Structure formats: C-alpha cells, structure tokens
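The structure appears below as structure tokens.
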Amino acid sequence: MTVHRYDPASLHADEFINHDEILETLAFAQAHKDDVGLCREILKKAESHLAPAKDHCAVITHREAAVLLACDDAGINEEIRRLAHRIKLAYYGNRIVLFAPLYLSNYCVNGCLYCPYHAENRDIPRHRLTQDEVRAEVVALQDMGHKRLAIEAGEDPVHSPIDYILECMRTIYSIKHENGAIRRVNVNIAATTVEEYRMLKEAEIGTYILFQETYNRERYEELHPTGPKSDYCWHTEAHDRAMEGGIDDVGLGVLFGLEGYAYEFTGLIMHAEHLEAVHGVGPHTISVPRVKPAMDIDPDAFDNGIPDDVFDKIIALIRIAVPYTGMIISTRESQSVRERALRYGISQISGGSRTSVGGYTQEDRPHDTEQFDVSDQRTLDEVVAWLMDNDHIPSFCTACYRAGRTGDRFMQFCKGGQILNYCHPNALMTLMEYLVDYATPATKEKGEAMVRRELLKIPNEATRARTERYLSDIAGGRGN
Ligand code: SAM
C-alpha cells in the first residue's frame, strides 16, 4: 500500500488533499478551539490583507482557518463576520455579479447517489437540447437581461460528448439578437482530458467549474459507485489538467451535506493552497452548494446537513482565507440565506434560474427534469431590485474577461486591490444597460437613483466624468 505524504505542490490528489493532514488539522483545531488568544492572532494575520502592502501578506493557512471554524466563542465569531464583511468590501466593493445556469442535457452515465441524473433513475425524462432549443433558451435568458451563463450537463460520452458542448458554446456566442448577447460562458461539466480542456479554451470558455462534491476519498467512493466519476483522483486532479490545457480560471466547490463540514472546509482551503502552489493562481471562484431534495433521492440519506449559522460562518471563513476568490451562491438557497451570505463574502449569484433542461422556454417552472429544488424562485428583475434594496450593485459586467484579465492577471489585479477602481464604473454602466433595456419601471427608478448615488463614490474626477458621459449615452440609447 502506498503511504502518501502531504505536499501542496504535488500533482497527486492524495498528496495535496492529504487525508492524514486533514485529520491532524481537525485534531489541532479541536485542541485549540477555546484558545481565544490564538484565534485573535489568526484574525490579525488575516486582517493584514486590508493593509496597503496586502499582496505581500501571507494568507492564513488551512490549519489556522480550521481553528477559527472550530471556535465557538461568540465574540470571535462576531469578529469573523465583521472581518469577512470588510475584506469583501475591500476586494469586491458592494457589487454582485449576476448569472444564470443553462442545463443542456440530463443524460448521465454516472451513479452519484445524491443526484437525480444518476444512470439508474428510470423515472426522469431525459433530454438534450438541440441547437435550435439552445438558441430559444438563450434568447429567453437574454430577454431577462442575462450576459453570463454557466452551462451544465450530465456526463455521457454518447449524448453529450465534448463536440456537443463546443457546438452549444459556439451557438450561444453567435446569438446576437437585438435583445443582447451572452458575453461569458462558464462551463460545469465532468472532469475530462487536457486535450478536451484545450478545446474548451479555444471555444472561449469563461471559468471551468467543477465541484469536488466531497474531499473525503472514502465517502467519495461510496457516493460515486459507478461511472467515470467514481475515480476520485481523476476528478480531484481535473482543475490541474484544465490549467495545463490553458484554461486560466477554474472554480472549486464542495456539495455541503455529504460529509462532515469541517473535513470539507479544510479540504477546500487545501485545494486553493494547492492551485496557488502549483499554478501561482488560486481558484477564480468557490461555490458553496448544499445538497437539496431531488427526484429519486432519499433526503434522509445525507445526515451531514449544515445549519444556517454554520453555513454563514463557512462563507465568512472562505472569504477570510481566500480573500481574492469570487464566491458563488445559487438559487439552491432561499432569499434570507442569500441575503446574509452576500454580507459575509458572496460576490456572484444566480437569478431567475431554472434547473431543468429546456426550462427557460416553458411558461411554468417544469419539475420533472429539475436537477434539484430551487428555493429562490424570484424573477431576475425581483433579484435585481432586492439587491439594490440591500445596497448591493447588481453587475452584468464581463469586462475583465474581454480585456484579457483572467487567471494570474486577474488575481494580480484583485490582490492589488484594483478591482474597485475599474469594476465600480463598469458595474454602473452594465446596470444602466439592464435598467434601460430590461427592468420594470419600479426597478428602473430604484436603479437610476442607485447609479446617481454610486457615481459620486468614484474618487478620480476624470474617471467619474467619463463614466457619467457613458451612462448618459446608455440612458439615451447610444450605448452598445
Ligand atoms: N456532470 C458534471 C459533474 O459531474 O461534475 C456537472 C454536474 S451537475 C450538472 C452540477 C452540480 O450539481 C454537481 O457537481 C453537484 O454538486 C450538484 N448537485 C447534484 N445533485 C444535487 C442535489 N441533489 N442538490 C444540490 N446540488 C446537487
């Protein structure tokens, strides 16, 4: 039997997500969880991200982050929430990027025990969108005002091979309907080869997103008994292959509820450390899905569900430990959970989502092909208005991507705290586009007031004047 050591720079999953290191970390965290002095020291180290020389500061380690997670001192927990909020504002301001998932196909050859797409589910109607259907779905999404999609598909080499995914991407980018255009297509498909990642890069992928589901190898193997996804190392090493294939931006995530949260949280932070160690650039995004009831899935089969207060704390600690990462929360979560999560660290949310194949072109929300129950069922316009009520700027910006600020260039930009100087005006302009083209009158009124308020926050006079000019061009129908 091979004995694996811990090495964040290794390309072997059992070494960079080393099980013994996670167990030792959890034991260390339990031993120190009541040490309020140590927790304060760790928070102080994390706070140094807010100082001017922040890009030279050490990020807190997975061990330190695990101690904070284990600590149940009310005062420390309050300090964690406050610091997360400050780091979020320092790196991302009050902007929230919006996107929608687009389900292409629910054919799947895997046996994931928590997912209704699993191959043994004979009750779910299977469908894969034709290119005409992709077009109709995208037009419907553009009609709402979306500019950024995450495409999703089950794994099936016959029904959704890489050529099918690439064809869908080409179709999506080619739709220049008068109602707008999709400017960034993120892709959430199963782990694949370097060669296929290269093809996705050529097809102008945004972020390659792949959730680990669980970092505990034994639990992973129980939950994925059949299909290509059952290979833990193939799955866990996928982000490295994606980066080797030239994809700059990769997204991590855990499906919380499958395994104890402290184990998952530690694995996730170690994975971020690994990407930094090997590629010099951490995860572009981290998603925090929680397992949801779904067709043919026994909700009682997963007894690791995490209460909302722990979920909030995990979000805050990810923001503190990986301050530059984009953080995503989906419509799996309710309005109230999302409201708190935005405060502690989330920078991207989905809105108006349908998780069924072909869902956007149907009048009523279809349930029979849904991947999971959607908790937040509001329209995009309602989500936009709610964000503004909570003083967040809804942003449809994709400028970094178009200006080539991806991967390490994006991270330098972000770590240097520059996002604020560039992103604020861009967010306001894309919000104005949304207000002019898609918003209901009430949302438009609210949004115009917000744009006027937020414009004054641009410190550089010339930038402010230029932004004001662009905004009035957009309002007058002269924008692009
Ligand atoms: N086929 C790709 C793969 O295997 O990674 C994409 C998967 S799927 C379309 C996207 C994600 O949905 C999965 O990675 C999983 O974390 C999540 N998911 C599956 N079943 C779920 C459930 N019952 N509740 C919440 N999320 C679920």
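In this text the structure is predicted, and so the values were computed from the model without any measurement. In listed order, ligands and their atoms are each counted from 1.
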Out of [options], whose heavy atom is nearest to [atom]?
{"atom": "atom 9 (C) of ligand 1", "options": "His118, Glu152, Lys229", "result": "Glu152"}
{"atom": "atom 5 (O) of ligand 1", "options": "Leu210, Asn106, Asp156, Leu104", "result": "Leu210"}
{"atom": "atom 16 (O) of ligand 1", "options": "Lys292, Arg290, Glu213, Arg332", "result": "Glu213"}

**Item:** Closest non-hydrogen atom pair, Gln212 against Tyr220
**Value:**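 What the structure gives for the nearest pair is O-CE1, 3.6 Å.
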**Prompt:** Can a non-hydrogen atom of Ala190 be found less than 4.0 Å from any atom of ligand 1?
**Reply:**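 True for this residue.
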**Asked** Does at least one non-hydrogen atom of Ala153 fall below 4.0 angstrom from an atom of ligand 1?
**Response**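 Within the 4.0 Å threshold, so yes.
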**Message:** Within ligand 1, which atoms have a heavy atom of Asn188 less than 4.0 Å away?
**Reply:**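 Once the distances to Asn188 are compared, the set is 6 (C), 10 (C).
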**Request:** Check ligand 1 against Val291 and write out every atom of the ligand that is under 4.0 Å from a heavy-atom position of the residue.
**Result:**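 In order of number, 24 (N), 25 (C).
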**ring pair (Phe, Tyr, Trp, His ring centres under 6.0 Å) assessment of Phe16 paired with His271** = CA-CA 7 Å; Phe16 64 81; His271 203 166; 5.6 Å; yes
**Partner set under ring pair (Phe, Tyr, Trp, His ring centres under 6.0 Å) for Tyr263, not counting sequence neighbours** =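 Scan of Tyr263 (ring pair (Phe, Tyr, Trp, His ring centres under 6.0 Å), adjacent residues dropped) gives His19.
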Region of [X] that comes within reach of ligand 1 [heavy atoms, distance under 4.0 Å]:
{"X": "Cys115", "answer": "both"}
{"X": "Tyr114", "answer": "both"}
{"X": "Cys112", "answer": "neither"}

**Prompt:** Salt bridge check: are Glu339 and Arg343 linked by an N-O gap of less than 4.0 Å?
**Reply:**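 Salt bridge: no.
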**Item:** Residues Glu244, Arg241: salt bridge by 4.0 Å N-O rule
**Value:**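 No.
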**Item:** Distance-only side-chain donor-acceptor flag, His12 / Asp7, under 3.5 Å
**Value:**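 Not at all, the side chains of His12 and Asp7 share no donor-acceptor pair under 3.5 Å.
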**Message:** Could you work out, with side chain to side chain donor-acceptor pair (under 3.5 Å) as the rule, every residue matching His392, not counting sequence neighbours?
**Reply:**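 Scan of His392 (side chain to side chain donor-acceptor pair (under 3.5 Å), adjacent residues dropped) gives none.
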**Message:** Checking the N or O distance criterion of under 3.5 Å, is ligand 1 in contact with Pro116?
**Reply:**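 Min N/O separation from ligand 1 is not below 3.5 Å for Pro116.
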**Asked** Does the ring center of Tyr438 lie less than 6.0 Å from the ring center of Tyr434?
**Response**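 Yes, the ring of Tyr438 comes within the 6.0 Å limit of the ring of Tyr434, centre to centre.
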